[in-house]
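Report on the structure given below.
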Amino acid sequence: MSELSPGAAAATIYVDADACPKVIKEILFRAAERTGIAVVLVANQAIAIPRIPSLRAVQVAQGFDVADNYIVQQVVAGDLVITADIPLAAEVIEKQAAALNPRGERYTAGNIKARLTMRDFMETMRSSALHVGGGPPPLNQRDRMEFANQLDRYLAKVTSR
């Protein structure tokens, strides 16, 4: 998918919430309140959320990929998943849903294989004790703006149906 293309009007936004930055969650809370779209935050710890009818938090059990597996089981074509987890994004795309990372980068069928390959390469480098730098830089204003813009494009398509 080259666009964030929603399917049914009843699309849901799932958030891989354990590692999702607070500022991105706040953007999603405002979107849920403004549009009424269902937003489901999935984490293996309790998450405080504002009282918004279309907003829900799901706490899953502790464990490797438990939250990811829950999201993959729930997501359907046309939904949107917010995640920085590239393997999760790949599974979501296979199910014809859209995936967006907190920096506003869309994962698509056209770019996900390259992203997985680079991720695996970097993981191999780290495990071989070669220094490959720290993680990604902190989220900046441009990242937040790009995320908000991509989310707005998705919401415009969902709410126009």
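- D79 places a side-chain N or O within donor-acceptor distance of the main-chain N or O of T12, the cut-off being under 3.5 Å.
- Hydrophobic clustering, with ILVMFWY side chains joined whenever heavy atoms are under 4.5 angstrom apart, keeps I93 apart from L88.
- The salt bridge (Lys or Arg N to Asp or Glu O under 4.0 Å) pairs that include a residue from residues 34-63 are R34-D152, where partners are two or more places apart or lie in different chains.
- The same ILVMFWY cluster, assembled from side-chain heavy atoms under 4.5 Å apart, contains both V39 and L100.
- In plain terms, the two heavy atoms of L139 and P102 that are nearest each other are CD1-O, 3.8 Å.
- Looking at heavy atoms from C-beta onward, V158 lies out of side-chain contact with T35 at the 4.5 angstrom threshold.
- Scanning both residues, E146 and R153, for their nearest heavy atoms gives OE2-NH1, 4.4 Å.
- In terms of heavy atoms, I47 sits closest to A17 at CD1-CB, 3.3 Å.
- Residues A61 and N44 share a closest heavy-atom pair of O-CB, 3.6 Å.
- Closest of all the heavy-atom pairs between A67 and D18 is CB-OD2, 4.3 Å.
- The number of heavy atoms from other shown groups lying within 6.0 Å of CD (E33) does not exceed 12.
- Residues Y154 and I37 meet the side-chain proximity criterion, which asks for heavy atoms closer than 4.5 Å.
- Taking 4.5 Å as the limit, every side-chain heavy atom of K95 sits out of range of all side-chain heavy atoms of E91.
- Neither V72 nor I82 shares a network with the other; the hydrophobic side chains, linked directly or stepwise wherever heavy atoms of I, L, V, M, F, W or Y lie under 4.5 Å apart, form separate groups for each.
- Of the residues listed (L55, I13, V58), the one engaging L41 in a side-chain contact (heavy atoms from CB on, under 4.5 Å) is L55, and it is the only one.
- Both F147 and V23 belong to a common hydrophobic cluster when Ile, Leu, Val, Met, Phe, Trp and Tyr are linked at side-chain heavy-atom distances under 4.5 angstrom.
- Of the inter-residue distances, the one linking R103 atom CZ with R142 atom CZ reads 11.5 Å to the nearest 0.5 angstrom.
- By the rule that hydrophobic residues join a cluster once side-chain heavy atoms approach within less than 4.5 Å of another member, F29 and V81 end up as members of separate clusters.
- Here R30 pairs with nothing under the salt bridge (charged side-chain N to carboxylate O under 4.0 Å, His left out) rule; sequence neighbours left out.
- By the 4.5 Å heavy-atom criterion applied to side chains, L80 and L151 are counted as neighbours.
- The CZ atom of F64 sits 9.0 Å away from atom CG of N69, with the distance rounded to the nearest 0.5 Å.
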